[in-house]
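Written below as structure tokens is the structure these notes are about.
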Amino acid sequence: MEHTALVDVYDRLSSTSSNNEKRDVVAEAFAESDAHLWRLVVLVRGRLFPAHDRRELGVSSRLTLEAVLTATGAPEDEVRERWRQTGDLGDAAAWAVENGGQQTLFSETLTVGRVHDGLRELADFEGDGSQGRRVDALAGLVSVATPDEARYVVRTALGHMRVGVGEGTIRDAIAVAFLDGGDDAVSAVERAYQVTNDFAVVAETARDGGRDALAELDVELFRPIQSMLAEKAESLAEGLADAAADGRVRYEYKYDGIRIQVHVGGDDVRLFTRRLEDVTAQFPDVVRAMERGVTAENAIFDGELVGYTPETIAGDDRTPVVFQELSRRVKRESDVEATSREIPVVVHLFDCLYDGETLLDDPAAERYERLVAAFDSVEPEFDDGVAGLELATTATVSPDDPDPAAALYEEALERGHEGLMLKNPDATYQPGRRVGRLLKLKPTMEPLDVVVVRAKYSEGRRSELLGRLYLACYDAQSDELREVGRLSTGYTDDELRALTDRLESLATTRDGRLVEVDPEVVLEVEYEEIQSSTEYDSGYALRFPRFLGVREDLGPADADTLERVDSLFDAQ
Ligand code: AMP
């Protein structure tokens, strides 16, 4: 398949904002795609590796710019200017190919295979000179690209396609292309994705074997499953009532650590985060604890990995370290053993998803029994580099008698944890879903300082006021602001009037009722939680943000960073 055909798909996707049209464009491309289907699935979203694959392209915007300049011979200041104007290095690359002065080498026609494989190869370059080789390889692709192709090659390299295709679009497109496209078909595709986390596998299975084959896609050891997510309980009483089944609720400490999915198969242990990243190499102490404690031959566990201070890890009254400290262990590539002694950990297991057979459709109470049977606790042995392994602190209560749960909530907070989880004993494990059978109770989240980058006039009573503010955090790595959501509540009319005047004075461009502004105004906002999102270029969306005040003392570079949003997201 020629790459220009894919460029045509991208262009059609960009030219519509209708989700249904996007779905149909992608479905048509999938249906016509023959042996390239899996590559196409990957390229349409611009994600070259599944989340649990540790490989990364290792391509920064600076490296990409260098490749574009090398390939096209366009003057750097002009390409930078285009980049600044459009905010998109892909558009700047298209301009550079068109105007760069270097003849495009039409001797080679780009194919989908060449673009996909050529970009994936960038991840394999290692060691000295690897950056230079990446520049050369990327320049090689750009030098044979038409302007339109260059736009998308660059966007794919950077992982921002700007065509508005999220996971939902891919899911629905697979259902339309290879099944009947109805609600049941969408659910079948979604379920298959939640257990495999790989749309390429799902699309090929749907094409080759239809719905029956999709249903057979099941949990597989060493392929992470999406974690079941929790909803917020407004109060203990409400949470207990909502999570009850037959007058019983299980409640547990909500630990302040990292969600960890543990896969054990024979002698192998692998650890995955909630974002499905493989972090086995970072936690040799946890691997040892699993080797020591797990009695089942094969198992997949769900749990929370918590860091404690070295002084307290051995006792009964452990002090957890703050999440930022623990996340140092996740990022660590070298001196892993030494860091494991600085920040020793305990894994608190709370669920079992597989013990030789899949348990996803079993009730939580049954999974819990299987969990208890599948391992023995391990005391942390700090000197020998062995992590602790134990059950999460848990009990069962009737919602009519909430006192023991209230006591455990207080105890969890006193011990430095986050609150309580409330679990419906009948609930099946719903990967990747927030279905209200798993509830969390905790005090509200820490506020964020964010920059206003765009604003829109409200409808109705406040139609004279810029009542919808697009908020961004600061990406220190690329020195760019990245949107994290839209704010429309929490201010009084007077506050909003003052903000409107201020933002109007900063306006740069206008599109109907939408105004782009110089990013000067920093706001403090609170919110219920951070969700992952394809709508904003940070990859996150603040849920229910509320205005708390203007941070006059802060400039845009002082805003909270993407890194902090990352860690708050992980810590939820
Ligand atoms: P959320 O991320 O909003 O779905 O909130 C649930 C998070 O709390 C999970 O992702 C876990 O990382 C964490 N957590 C801490 N303790 C527990 C527990 N006992 N059961 C389930 N999740 C827990």
Side-chain angles (χ1 to χ4, degrees), residues 51 194 224-234 239 242-243 249-262 271-277 279 283 286 300-308 318 320-323 326-327 329-330 345-353 364-365 367-368 371-372 388-397 405 408-409 411-413 415-425 427-446 527-533 540-544 565-572:
Q194 283 158 347
I225 307 155
Q226 287 179 21
S227 298
M228 182 166 171
L229 303 175
E231 279 190 353
K232 196 170 169 212
E234 291 308 328
D242 284 356
V249 185
R250 203 166 89 234
Y251 57 99
E252 285 171 4
Y253 271 21
K254 182 176 190 332
Y255 294 93
D256 186 7
I258 294 174
R259 182 86 170 253
I260 196 91
Q261 195 175 96
V262 184
L271 310 171
F272 299 96
T273 65
R274 167 163 142 176
R275 291 160 143 199
L276 315 177
E277 281 164 331
V279 291
F283 293 97
V286 173
I300 302 178
F301 301 118
D302 198 356
E304 189 84 350
L305 181 81
V306 183
Y308 294 95
R318 302 183 187 123
V321 299
V322 292
F323 175 78
L326 176 60
S327 65
R329 286 209 53 186
V330 178
V345 298
V346 174
V347 177
H348 301 272
L349 294 179
F350 49 74
D351 214 330
C352 181
L353 317 184
R367 297 199 308 277
Y368 189 73
L371 170 67
V372 172
L389 177 63
E390 51 190 58
L391 278 173
T393 302
T394 185
T396 300
V397 70
L408 201 80
Y409 183 40
E411 181 186 294
L413 293 176
R415 292 182 162 226
H417 299 298
E418 273 193 321
L420 219 54
M421 300 297 297
L422 302 158
K423 302 188 171 182
N424 181 320
T428 57
Y429 195 93
Q430 305 257 341
R433 303 278 297 278
R434 223 176 270 283
V435 280
R437 307 185 86 194
L438 178 63
L439 294 162
K440 58 187 168 190
L441 183 66
K442 59 178 179 177
T444 40
M445 294 197 62
E446 298 163 59
Y527 50 91
E528 281 213 1
E529 63 180 3
I530 302 174
Q531 297 179 312
S532 73
S533 159
Y540 297 110
L542 302 182
R543 187 151 181 254
F544 304 133
V565 178
D566 271 338
S567 41
L568 287 169
F569 174 80
D570 278 337
Q572 300 183 102

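Side chains are part of it too, since the values below use all heavy atoms of this structure and drop only hydrogens, waters and symmetry mates. Start at 1 and go down the list; that is how both ligands and their atoms are numbered.
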- Task: With sequence neighbours excluded, tell me which residues meet side chain to side chain contact (heavy atoms under 4.5 Å, CB included) with Glu304.
- Result: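 Partners of Glu304 by the side chain to side chain contact (heavy atoms under 4.5 Å, CB included) criterion, ordered by chain and then number, come out as Tyr255, Arg259, Val306, Phe350.
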
- Residues in side chain to side chain contact (heavy atoms under 4.5 Å, CB included) with Leu391, at least two apart?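 By the side chain to side chain contact (heavy atoms under 4.5 Å, CB included) rule, Leu391 matches Tyr368, Leu371, Val372, Phe375.
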
- Message: List the protein residues in contact with ligand 1, where contact means a heavy-atom separation under 4.0 angstrom.
- Response: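 Residues within 4.0 Å of ligand 1: Leu229, Ala230, Glu252, Tyr253, Lys254, Tyr255, Arg259, Arg274, Glu304, Phe350, Met421, Lys423, Arg434, Lys440, Glu529, Gln572.
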
- Distance (rounded to the nearest 0.5 Å) between Leu438 CG and Asp242 CG: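 Result: 12.0 Å between the selected atoms.
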
- Under the side-chain hydrogen bond (donor to acceptor under 3.5 Å, both in side chains) test, residues paired with Gln531 that sit two or more places apart: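 Expected list: none.
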
- Task: Could you pull out the closest heavy-atom pair between Asp302 and Tyr429, with the gap in Å?
- Result: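 Heavy atoms only, the tightest pair is OD2-OH, 2.7 Å.
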
- Residue that, paired with Val286, satisfies side-chain contact (heavy atoms from CB on, under 4.5 Å) out of Ile260, Leu271, Val346: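 Answer after filtering Ile260, Leu271, Val346: Leu271.
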
